[in-house]
Protein chains: 2
Amino acid sequence: MKLSEQKIVDKKLEILEAAQACFVRKGFHNTTMQDICQQAGMSAGNIYRYFDSKEVIIEAFAADELQWMSTAINDVPSSPDMLQAIVDTVYWTATTLMENDKSELIAELFAEAGRNPRINAIYTKFNKQLTQQACGMLQELEDNDLLRCQHDKQLITRILISLVDGLVVNEIVCPDFDMTNMRPVIETMVTSLFVPIDPKVN
Amino acid sequence: MKLSEQKIVDKKLEILEAAQACFVRKGFHNTTMQDICQQAGMSAGNIYRYFDSKEVIIEAFAADELQWMSTAINDVPSSPDMLQAIVDTVYWTATTLMENDKSELIAELFAEAGRNPRINAIYTKFNKQLTQQACGMLQELEDNDLLRCQHDKQLITRILISLVDGLVVNEIVCPDFDMTNMRPVIETMVTSLFVPIDPKVN
DNA sequence: TTGTCCAGAATGAACGGTCATTCAATATAA
DNA sequence: TTATATTGAATGACCGTTCATTCTGGACAA
């Protein structure tokens, strides 16, 4: 009758999904345990068997959410043209986040990271990894003479990440502005940061 | 003995300033009325003579805050070179917001706008104005043959605003990343969106 | 198969604490 | 004295968390 490891993981996930639905609607602090209970179809006491506190649920949710973003970024369809691949990464990440209604959650995460040290630590760590990963990719492209960066790679990376985050959260306060044509603009901006290496030169 | 109009305005401002200090530290929902009372050196009952509810304080604060940003944007030192003027506006706005510790507040505003319709309305309205104002400036530059936009003016504007917001909120999750050299990168990206009109051509 | 037992899963009412809001009492200035 | 400003303890609602209780399904003896 004891639940298997797997069942416990599933249960936790179930709770986190319910929590997510509530967090989207009301944010972390306006969501009550009762909200989560109702959404999860589970009693308060039972939820506390899986998570020690609401705070822990928020933290687990944050970690999950960043995990989701991380995989979303890796799912960008790759292009043979390296410059296009970078443009795609920026564009796809932004549009994917928007289309999956992550705007509110990301805004919530930033706000929480601003005052909750534990959430801040989770986000900071994720951000550091993401930056390094992206820098590594740029470095590799340079090493293989496929591209040259016009500026410091870390700066470029951080600014592009900021651009994506900015686009996503701005969706919240631009309800009726059509962003579907933003790709060419993104392309111009991103492209300007790199010099493609002309094969003819070799 | 009745307070003059001016005194009432002052009192309200005093309360809003106290509220702001608390909001920076704890965010809207973790700030208690007691926090605000203490910070303002005023009793709870008295604050309720000036604001009907905590909710109203948050709304008034949001409006004030956006007002502050609006003026900050207009305070950008102007440059004779129009392209530089645009770059400056983007760069100055971002750095000014960062230096005045607005990151947490802006993140908080985005999060709140995501679920509180009244705050959303305030922010949306501000955003619309800001976009129009910026578009108007670009239009004027084009009309005077000082510049040509490579893309739709509204799109450019929205994306640049998003970039600024993204840079500012990203400061929260990049505690130890040095952004002081970001200007050249910003310059490259912003510049790429416009074609300066060469006087020789005329 | 059938009935009994029990560990672990789940429930939900109750508790203690916190917080926004109110209001009776007091201070103040004209 | 009086109208207004201010105080801060009291109020009532809400919320995270707990815990006494109930449910469930498999083990096992007969």
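Order of the sequence lines fixes the chain letters, A, B, ..., with proteins taken first and strands second; residue numbering starts at 1 for each chain.
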Of the nucleotides [options], which one has an atom closest to the side chain of [X]?
X      : options                   : value
Y50(B) : dT6(D), dA20(C), dA13(C)  : dT6(D)
K11(B) : dT6(D), dT17(D), dA10(C)  : dT6(D)
K54(A) : dT7(D), dT17(D), dA20(C)  : dT17(D)
N46(A) : dA20(C), dT6(D), dT11(C)  : dT11(C)
S53(B) : dT17(D), dT21(C), dT11(C) : dT21(C)
Q34(A) : dT21(C), dG8(D), dT17(D)  : dT17(D)
Y48(A) : dT7(D), dG16(D), dT22(C)  : dG16(D)
M42(A) : dT22(C), dT11(C), dC15(D) : dT11(C)
S43(B) : dG8(D), dC19(C), dT17(D)  : dG8(D)

Mark yes when over 12 heavy atoms from residues, nucleotides or ligands other than E140(B) sit less than 6.0 Å from its CD; otherwise mark no.
->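 No, because the 6.0 Å sphere around CD of E140(B) holds 12 heavy atoms or fewer from other groups.
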For K12(A), does the NZ atom have more than 12 heavy-atom neighbours from other residues, nucleotides or ligands under 6.0 Å away?
->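 No, the 6.0 Å shell around NZ holds no more than 12 heavy atoms from other groups.
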Calculate the interatomic distance between [X] atom [atom1] and [N] atom [atom2]; express it in whole Å.
X      : N       : atom1 : atom2 : result
I57(A) : dC15(D) : CD1   : P     : 15 Å
F51(B) : dA5(D)  : CZ    : P     : 15 Å
N30(A) : dG16(D) : CG    : P     : 10 Å
I8(B)  : dA5(D)  : CD1   : P     : 7 Å
M33(B) : dC19(C) : CE    : C1'   : 10 Å
Q38(B) : dC19(C) : CD    : C1'   : 15 Å
D10(B) : dA5(D)  : CG    : P     : 14 Å
R49(A) : dC19(D) : CZ    : P     : 15 Å

Grab the two heavy atoms, one from A62(B) and one from I119(B), that are nearest each other, plus how far apart they are.
->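 So the two residues come closest at CB-CD1, 3.9 Å.
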Flag the pair K102(A) and E65(A) as a salt bridge only when some basic side-chain nitrogen lies within less than 4.0 angstrom of an acidic carboxylate oxygen.
->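 Counted as a salt bridge, because a side-chain N and a carboxylate O are separated by less than 4.0 Å.
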Approximate separation, where rounding is to 0.5 Å, of I47(B) CD1 and C37(B) SG |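 Spacing of CD1 (I47(B)) from SG (C37(B)) equals 4.0 Å.
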Which residue lies more 5' along DNA chain D, comparing H29(A) with G45(A) via nearest heavy atoms |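 It is H29(A) whose nearest nucleotide is closer to the 5' end.
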